[in-house]
Amino acid sequence: MANWAALVQNCVSKKQNKQLTRLYLLTFTTFLCTLFYLLGLWQHSPPSLAAISAGTHLSGRRNCPDPTSKFLSNSASNSTLNFSATHFSTDPDEAARGFHAPPCDPALSEYTPCEDVQRSLLFPREDLIYRERHCPVEAEVLRCRIPAPFGYRVPLRWPESRDAAWFANVPHKELTVEKKNQNWVRFEGDRFRFPGGGTMFPRGAGAYIDDIGKLINLKDGSIRTALDTGCGVASWGAYLLSRDILAVSFAPRDTHEAQVQFALERGVPALIGVLASIRLPYPSRAFDMAHCSRCLIPWGQREGIYLTEVDRVLRPGGYWILSGPPINWQSHWKGWERTRESLNEEQDTIEKVAKSLCWKKLVQKGDLAIWQKPTNHIHCKITRKVFKNRPFCMAKDPDTAWYTKMETCLTPLPEVNDVSEISGGKLSNWPERLTAVPPRISSGSLKGITVEMFKENTELWKKRVAYYKSLDYQLAEHGRYRNLLDMNAFLGGFAAALIDDPVWVMNTVPVEAEFNTLGVIYERGLIGTYQNWCEAMSTYPRTYDFIHGDSVFSLYQNRCKMEDILLEMDRILRPQGGVILRDDVDVLLKVKKIADAMQWDSRIADHEKGPHQREKIFFAVKQYWTAPPPQQKHA
């Protein structure tokens with residue numbers, strides 16, 4: 001019994017010892033927590049008056065800084081917690097910090113910096129050089145925002161815009177008078193009407209295109225891209241769109257007031273341009289068809305240099321269509337106020353130039369004549385050995401076309417092994433052409449771009465555009481936008497992803513880009529142009545409803561000023577137009593600061609892969625504003 005009592009006493013004693021140990025640990029932990037809390041409180045508390053006095057005494061000594069001044073300023077700044085975002089560019093550009101962009105004078109509402117009429121008068125008139133691009137030097141660059149004319153309205157939606165445009169947007173009636181009998185354009189109330197007529201198609205562009213379609217096949221998808229030289233108000237291009245043919249129309253700035261501007265208001269692709277002394281800003285083998293309807297280009301002059309340039313941009317097997325002088329001169333020579341002899345001589349000269357280019361005249365019927373470029377140059381090289389009338393160009397990249405001088409030599413087509421082969425590779429018909437691997441890639445002639453890269457890029461942009469639309473309701477709204485611009489198109493994936501929307505995209509390939517991919521874009525059945533974004537684009541203000549740019553500002557870092565590129569974007573963007581840019585977050589923060597100063601409503605969103613990506617996406621909408629009413633200009 002005694003042993004049992006001793007055992008019970010021993011167990012109780014151990015239980016008490018264990019409880020005491022836990023109590024000691026709890027007490028010690030509480031002491032340590034209290035100690036460290038007081039130490040932290042002391043470290044972050046303001047200094048005592050004694051310390052301040054001592055600091056004042058120390059700061060009075062020669063060469064001794066005040067040891068408390070920095071501490072006091074930090075303490076004051078940290079007295080309240082700041083929960084705002086702290087991810088800002090550590091070293092913003094000086095220009096971005098002090099950027100200011102006031103409205104330009106209302107008289108500049110149609111200002112085109114590189115086609116300024118007054119500046120053009122300083123250049124030679126020979127070979128039409130004065131009508132080419134002549135951009136302002138640094139000291140002449142305007143750093144203000146181009147205003148829309150008073151009363152400007154958002155353009156009509158496609159397809160209604162094909163046939164009408166607001167007068168307030170292009171307030172010029174000259175063409176309604178000058179071309180009254182040719183059915184180009186009419187003025188009715190608050191808008192212009194476009195009946196679809198033209199100098200050589202009084203029955204309308206639709207009937208004219210039907211006539212062409214009786215001579216060559218416009219329905220099987222083999223003809224997708226077209227070039228219209230001297231386009232008028234671009235009715236030919238406008239009516240081709242319903243046939244799934246995408247035309248680029250161009251005309252000079254000063255031939256007819258606002259003709260290219262009319263085309264753009266109608267929602268038809270167009271650029272300011274001229275055949276003069278430099279190459280057109282397109283790659284070789286770009287267009288399935290080229291067209292001139294009384295475009296007044298002297299095709300036979302200067303050794304046929306203008307037709308030679310058309311040959312460069314025309315695809316193997318492509319067509320050149322000519323109507324107007326001198327075609328069918330026997331019926332029209334009196335109305336054209338020309339002699340029969342001069343018109344006959346002009347046609348003979350054109351025929352000789354076409355023959356020297358190895359073109360075949362397919363047909364001449366009524367007011368239409370059509371030539372076809374050969375599918376390869378095997379026979380052409382044989383004839384050169386016999387006639388030697390137009391040598392092949394040597395050692396110049398046929399795709400280089402930015403301030404590149406035109407030549408009278410013949411641009412050679414890629415080599416083939418058999419006369420039945422198509423130089424550069426056969427293209428699929430539209431719409432399969434859009435997603436088929438372009439021959440420039442499949443053949444390996446475009447170094448650095450593989451078939452796998454092309455396919456991955458196509459799928460990538462489908463996902464990206466779907467993500468854009470989930471964040472930008474205006475882009476997602478069917479028909480909200482019509483004229484789109486991609487500032488750095490690469491392989492045209494952005495445009496391809498929008499192919500089912502009622503839009504067209506001008507795909508620009510910067511001349512500074514690592515790869516010259518504009519030829520690939522055309523081989524997909526899309527359109528585009530070369531561009532240096534340190535200069536203005538060859539187009540009117542308010543051309544585009546929407547602008548997209550992928551890594552544009554990273555590409556142009558240390559090349560030109562960010563604010564100049566953004567001001568050019570503002571010039572060519574319509575009021576209430578949209579912008580999406582993707583770039584490094586620090587770059588976009590600088591962009592946003594300037595965009596806010598330009599009165600854009602903007603925000604930065606996460607990458608489609610999530611918030612941990614350095615690349616972010618910038619969304620913006622240009623606010624609606626116009627020039628004041630004319631009577632208030634000087635108020």
Can you tell me if Tyr522 and Arg315 form a side-chain donor-acceptor pair at under 3.5 Å? no

Roughly how far, to the nearest 0.5 Å, is the CG atom of Leu485 from the CZ atom of Phe494? 9.5 Å

Please say whether the positively charged group of Arg162, taken as NZ for Lys or CZ for Arg, lies over the ring of Tyr239, i.e. under 6.0 angstrom from the six-membered ring centre and within 45 degrees of the axis. yes

Find the distance between CG (Asn488) and OG1 (Thr517) and round it off to the nearest 0.5 Å. 8.0 Å

Consider only side-chain N and O atoms of Thr400 and Arg279, and report whether a donor and an acceptor are under 3.5 Å apart. no

Just checking, is any N or O donor in the side chain of His548 or Arg582 under 3.5 Å from an acceptor N or O on the other one? no

Interatomic spacing from CZ in Arg571 to OG1 in Thr112 - rounded to 0.5 Å: 6.5 Å

Do Asp564 and Arg143 sit within salt-bridge range, that is, some charged N less than 4.0 Å from a carboxylate O? yes

By side-chain hydrogen bond (donor to acceptor under 3.5 Å, both in side chains), Asp399 pairs with (sequence neighbours left out) Ser284, Arg440

Under a 4.0 Å threshold between the charged nitrogen and the carboxylate oxygen, would Glu309 count as salt-bridged to Arg312? yes

Among Thr529, Asp486, Leu484, which residue satisfies the side chain to side chain contact (heavy atoms under 4.5 Å, CB included) criterion with Asn507? Asp486

Residue list, side-chain hydrogen bond (donor to acceptor under 3.5 Å, both in side chains) with Trp166, at least two apart or on another chain: none

I need the Tyr481 OH to Tyr544 OH distance, nearest 0.5 Å. 15.5 Å

Lys469 and Asp501: CA distance, side-chain angles, deciding distance, salt bridge (Lys or Arg N to Asp or Glu O under 4.0 Å) verdict: CA-CA 12 Å; Lys469 289 183 176 181; Asp501 292 4; 2.8 Å; yes

Looking at CG of Leu446 and CG of Asn516, how far apart are the two atoms once the value is rounded to the nearest 0.5 Å? 7.5 Å

Below 4.0 angstrom, N of the basic side chain to O of the carboxylate: do Lys590 and Asp586 qualify? no

State plainly whether the residues Glu459 and Lys462 are in salt-bridge range, i.e. N to O under 4.0 Å. yes

Have Ser120 and Glu115 got a donor and an acceptor in their side chains that come within less than 3.5 Å? no

Applying ring-ring contact (aromatic ring centres under 6.0 Å, His included), name anything that partners Tyr152, two or more places apart in sequence or on another chain. none

Please determine whether a side-chain nitrogen of the Lys or Arg among Arg224 and Asp288 lies less than 4.0 Å from a carboxylate oxygen of the Asp or Glu. no

Do Asp570 and Trp600 have a side chain donor and acceptor closer than 3.5 Å? yes

Partner of Glu265 under side chain to side chain donor-acceptor pair (under 3.5 Å), chosen from Arg542, Arg482, Arg574: Arg574

Check whether the side chains of Asp606 and Gln613 place a donor and an acceptor atom closer than 3.5 Å, and report yes or no. no

